Amino acid sequence: MTVGLTPRQGDVFRSTNRFVGEAVGEDSIWSILHRECHVLFPDDAFADLFQTTGRQSIPPRIVAVVMVLQKAFGLSDREATAAFQFDARWKYACGGLDFDYPGFERTVLAGMRSRLARSADPDRIFNANVDVARSAGLVGRRRVRRRPTPTGARPCEDAGP
């Protein structure tokens with residue numbers, strides 16, 4: 001199986017860019033992945049996981065973004081692939097794919113995890129996300145969390161890093 005290539009430009013009339021882009025916040029996970037997925041997960045960064053001849057795979061960038069969203073929302077492989085197929089936000093996060101961009105089987109996710117596990121850099125998806133989070137100032141920052149109380153009168157307490 002050879003590495004699949006993600007479409008570079010969607011059809012302006014069928015693309016999720018305008019529809020979803022105007023509906024989600026600029027700092028939402030959908031928008032961040034939409035803006036950064038090309039840099040985070042270029043298709044050629046996964047070329048070592050595939051052969052040079054054969055049928056093309058689902059583009060690795062799309063699979064990587066689905067895996068990130070799957071982890072973020074705590075979904076099973078079946079739930080994640082269904083979300084990609086039917087939720088325009090997921091296609092938007094994958095680079096603004098067209099509404100009718102085809103879904104894929106849940107086994108693709110297991111296959112990608114297996115390929116990554118056998119590779120020289122099995123944590124490449126995680127590391128790319130940490131790098132972006134660090135550059136956005138999200139890693140290493142102390143967060144404040146309000147602890148619930150019956151009256152809600154307790155002051156904020158530091159939740160730690």
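Quantities reported herein were computed from a predicted structural model and do not represent experimental measurements.
For E105, the CD atom sits in a loose shell: 12 or fewer heavy atoms of surrounding residues, nucleotides or ligands are nearer than 6.0 Å. By the neighbour-count criterion of 12 heavy atoms within 6.0 Å, atom CZ of F126 is sparsely surrounded, having that number or fewer from other residues, nucleotides or ligands.
Here the side chains of V63 and F46 are not in contact, with every heavy-atom distance at 4.5 Å or above. Using a 4.5 Å heavy-atom threshold, the side chains of L40 and V65 count as separate.
Between the CZ atom of F50 and the CZ atom of R55 there is a distance of 10.0 Å, given to the nearest 0.5 Å. Taking CG from L116 and CE from M67, the interatomic distance works out to 5.5 Å, rounded to the nearest 0.5 Å. Rounding to the nearest 0.5 Å gives a distance of 9.0 Å between CG of L49 and CG of D121. Once rounded to the nearest 0.5 Å, the distance linking SG of C94 with NE2 of H34 reads 11.0 Å. Distance check: I32 CD1 to N129 CG gives 10.0 Å after rounding to the nearest 0.5 Å. Atom CZ of residue R78 and atom CG of residue L109 lie 11.5 Å apart, to the nearest 0.5 angstrom.
Between A117 and P122, the closest heavy-atom pair is CA-CB, 4.1 Å. Taking all atoms of both residues into account, the shortest heavy-atom contact from C37 to A93 is SG-O, 3.8 Å. What you find for F104 and F84 is that their closest heavy atoms are CE2-CD2, 3.8 Å. Shown here for W90 and A80, the closest heavy-atom pair between the two residues is CZ3-O, 3.7 Å.
A donor-acceptor contact shorter than 3.5 Å links the side chain of T16 to the backbone of L97. Using modelled atom types, one side-chain atom of R35 and one backbone atom of E26 make a donor-acceptor pair closer than 3.5 Å. Side-chain atoms of T81 come within 3.5 Å of backbone atoms of D77 as a donor-acceptor pair (strictly under, hydrogens ignored). Side-chain atoms of D87 come within 3.5 Å of backbone N or O of R89 as a donor-acceptor pair. Judged by distance alone, the side chain of R124 and the main-chain N or O of A45 form a donor-acceptor pair under 3.5 Å.
Side-chain N/O atoms of R118 and S114 include a donor and acceptor closer than 3.5 Å.
Put simply, L69 and V39 are part of two different groups of oily side chains (I, L, V, M, F, W, Y) that touch within less than 4.5 Å, one to the next.
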